[in-house]
Amino acid sequence: MPELPEVETVVRELRAHGLVGRTVAGVGVAWPRVLVGDTPGAFTRKLRGRRIEVVGRRAKYILLKFSGGMSLAIHLRMTGQLHFAARAAPRDVHETIWLVFEDGEELRFHDTRKFGVWKAAASLDALLPELGPEPFDPAFTVKVFRERLSGQRRAIKTLLLDQAFLAGVGNIYADEALWDAKLHPQRRADGLTRAQAAALYAAVRRVLTAGIANNGTSLGDGATNFARLEGRRGGNASTLKVFRRDGQPCPRCGVELRRIVVGQRGTHFCPRCQRSKTP
DNA sequence: ATCGCAGCCTGTACGC
DNA sequence: TGCGTACAGGCTGCGA
């Protein structure tokens, strides 16, 4: 569920809570598969005794850099949530892994669907898959975006969701950006005009910026929705124009919004504003 | 290169 | 109310 704005929100809150400077005294693992490729023992040996020096983000990964050149990547996937707790506080059944700090507090990972992943390694290359540019990297200009689009025959929405093409965009913000740019989700990516590519570039940044400003998007109120640190909810849902609003009127033209499937993902758009599949 | 599908899990919403 | 089914914001691996 979490996309770039949601992960960025969590990262900022981790910093604000004072995660930097903590030293790992131990690791608790209730669901070993969260570690993918490491046993709990091997994982613990990588982190124990190390101090957290930097808390950052790359794509949808939370990155913790530790003393001695070790890094930890956390991917929240669909339902991952982080929260701090006193060591003695009771554990929820959905808590799959936690760091124990020397000060007695714990950073706990609550993950209902258990898709989330924690991975530790000395190099970022070993930690992260191939990832496209960060949408807010100054080097990621509209020119770069256009160059990356060329030769891409896939549907534009599929491309926006491809983390190797562009990092951080997920289903919500892809739909919102395409509506903003007035582009049909199934348009062939290399068929966009110069102006359309520029509009999409701006739209992606605009919807992500709004998402961050509103601390992410939380929908509904079940246990499977995005929550910020400590279970707080993001406020961006009220700004969404099309996502999961099929059947309701388009905020721009009033026509009923529709839902289709593109690349096996639910896709929401306005059949009037976002018209042609082909230029 | 690109596509579709299964799989990883559990909770929620909806139809009957 | 209960039960079955579809669906979910992510990603990977596989075969075609």
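FYI, side chains are in, hydrogens and waters are out, and symmetry mates aren't considered; it's all heavy atoms of this structure. Below, read A as the first sequence line, B as the second, and so on, with proteins coming before strands; counting in each chain starts at 1. No experiment lies behind these values; they were computed from the predicted model shown.
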Asker: Counting just side-chain N and O atoms, does A:Arg265 come under 4.0 Å of either OP1 or OP2 of C:dG9?
Answerer: yes
Asker: In whole Å, what is the span from the CG atom of A:Leu159 to the P atom of B:dA1?
Answerer: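 Answer to the nearest Å: 13 Å.
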Asker: In this structure, how many angstroms lie between the C1' atom of C:dG10 and the CG atom of A:Leu76, rounded?
Answerer: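 Rounded to the whole Å, the gap is 11 Å.
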Asker: What's the spacing between A:Glu102 CD and A:Thr23 OG1 if we round to 0.5 Å?
Answerer: 4.5 Å
Asker: Which base, if any, makes a Watson-Crick or G-U wobble pair with C:dG4, both distances under 3.5 Å?
Answerer: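 Pair assignment: C:dG4 / B:dC14.
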Asker: Let's test your reading of the model: under 3.5 Å, does the base of B:dA1 pair with the side chain of A:Arg154 as donor and acceptor?
Answerer: no
Asker: Does any donor atom in the side chain of A:Tyr201 or A:Arg205 lie under 3.5 Å from an acceptor atom in the other side chain?
Answerer: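 Side chains of A:Tyr201 and A:Arg205: pair found under 3.5 Å.
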Asker: By the 4.0 Å heavy-atom rule, please label A:Glu6 as base, sugar-phosphate, or nothing.
Answerer: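 Answer is nothing: A:Glu6 stays at 4.0 Å or more from every strand.
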Asker: Select one nucleotide: of B:dC9, B:dT2, C:dG10, the one nearest the side-chain heavy atoms of A:Arg33.
Answerer: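 Of the options given, the side chain of A:Arg33 lies nearest B:dC9.
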Asker: Return whichever of A:Pro129 or A:Gln264 has its heavy-atom-nearest nucleotide of DNA chain C closer to the 5' end.
Answerer: A:Gln264
Asker: Considering just the side-chain nitrogens and oxygens of A:His94, establish if one lies under 4.0 Å of OP1 or OP2 belonging to B:dT10.
Answerer: no
Asker: What I want to check is whether the side chains of A:Gln196 and A:Arg187 have a donor and an acceptor closer together than 3.5 Å.
Answerer: yes
Asker: Whole Å only: how far is the NZ atom of A:Lys114 from the P atom of B:dG7?
Answerer: 19 Å
Asker: How far apart are the closest heavy atoms of A:Met70 and A:Lys46, and which atoms are they?
Answerer: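 Heavy atoms of A:Met70 and A:Lys46 come nearest at CG-O, 3.7 Å.
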Asker: For C:dG10, what is the paired nucleotide under Watson-Crick or G-U wobble rules, both distances under 3.5 Å?
Answerer: B:dC8
Asker: Write down the distance between NZ (A:Lys119) and C1' (C:dT12), rounded to a whole number of angstrom.
Answerer: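 Taking NZ of A:Lys119 and C1' of C:dT12, I get 12 Å after rounding.
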Asker: What's the CZ-P distance between A:Phe165 and B:dA1, to the nearest Å?
Answerer: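 My rounded result for the distance is 15 Å.
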Asker: Report which part of the nucleic acid A:Thr79 touches: base, sugar-phosphate, or nothing (heavy-atom distance under 4.0 Å, all strands).
Answerer: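 Touches nothing.
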Asker: Do you know the tightest heavy-atom contact between A:Leu107 and A:Trp118?
Answerer: O-CH2, 4.4 Å
Asker: What is the distance from CZ of A:Arg113 to P of C:dC7, rounded to the nearest Å?
Answerer: 13 Å
Asker: Name the nucleic acid region contacted by A:Leu219, choosing base, sugar-phosphate or nothing; use a 4.0 angstrom heavy-atom cut-off, strictly under.
Answerer: base
Asker: Among C:dG9, C:dC11, B:dT2, which nucleotide sits nearest the side chain of A:Gln163?
Answerer: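 Of the candidates, C:dC11 comes closest.
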Asker: Rounding to an integer number of angstrom, what distance separates B:dC14 and C:dG9 when you compare their P atoms?
Answerer: 15 Å
Asker: On the nucleotide C:dA8, are OP1 or OP2 found under 4.0 Å from the side-chain N or O atoms that A:Arg77 carries?
Answerer: no
Asker: Compare side-chain N and O positions of A:Lys60 against OP1 and OP2 of C:dC11 and report whether any pair is under 4.0 Å apart.
Answerer: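 Looking at the OP1 and OP2 atoms of C:dC11, one of them is under 4.0 Å from a side-chain N or O of A:Lys60.
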Asker: Please work out if A:Gly151 contacts a base, only the sugar-phosphate, or nothing of the nucleic acid, heavy-atom cut-off 4.0 Å.
Answerer: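 Touches sugar-phosphate only.
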Asker: Can you tell me how far P in B:dC9 sits from the matching atom in C:dC3, rounded to whole Å?
Answerer: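 It comes out at 26 Å once rounded to the nearest Å.
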Asker: With centres under 5.5 Å and planes under 30°, do A:Phe115 and B:dC9 count as stacked?
Answerer: no
Asker: Mark this stacking check for A:Phe226 against C:dG9 as yes or no, applying ring centres under 5.5 Å and ring planes under 30°.
Answerer: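 So no, this residue does not stack on that base, at least one cut-off failing.
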Asker: Say you pick atom P in C:dG10 and the same atom in B:dA1; how far apart are they, in whole Å?
Answerer: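 The answer is 24 Å between these two P atoms.
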Asker: If we take the C1' atom in both C:dG4 and B:dC8, what is their distance in whole Å?
Answerer: 22 Å
Asker: Between CG of A:Leu63 and CZ of A:Arg58, what distance do you get to the nearest 0.5 Å?
Answerer: 9.0 Å
Asker: Base, sugar-phosphate, or nothing for A:Arg153, non-hydrogen atoms under 4.0 angstrom?
Answerer: sugar-phosphate
Asker: Round to a whole Å and report the spacing from CG of A:Asp111 to P of C:dG9.
Answerer: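 About 16 Å, once rounded to whole Å.
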Asker: Any chance you could lay out the side chain to side chain contact (heavy atoms under 4.5 Å, CB included) test for A:Thr79 and A:His110, step after step, and finish with the verdict?
Answerer: CA-CA 8 Å; A:Thr79 56; A:His110 182 286; over 6 Å; no
Asker: Using a 4.0 Å heavy-atom cut-off, does A:Tyr173 contact any base of the nucleic acid, only the sugar-phosphate backbone, or nothing at all?
Answerer: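 No contact.
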Asker: In whole angstrom, give the distance that lies between atom CD of A:Glu130 and atom P of C:dG13.
Answerer: 13 Å
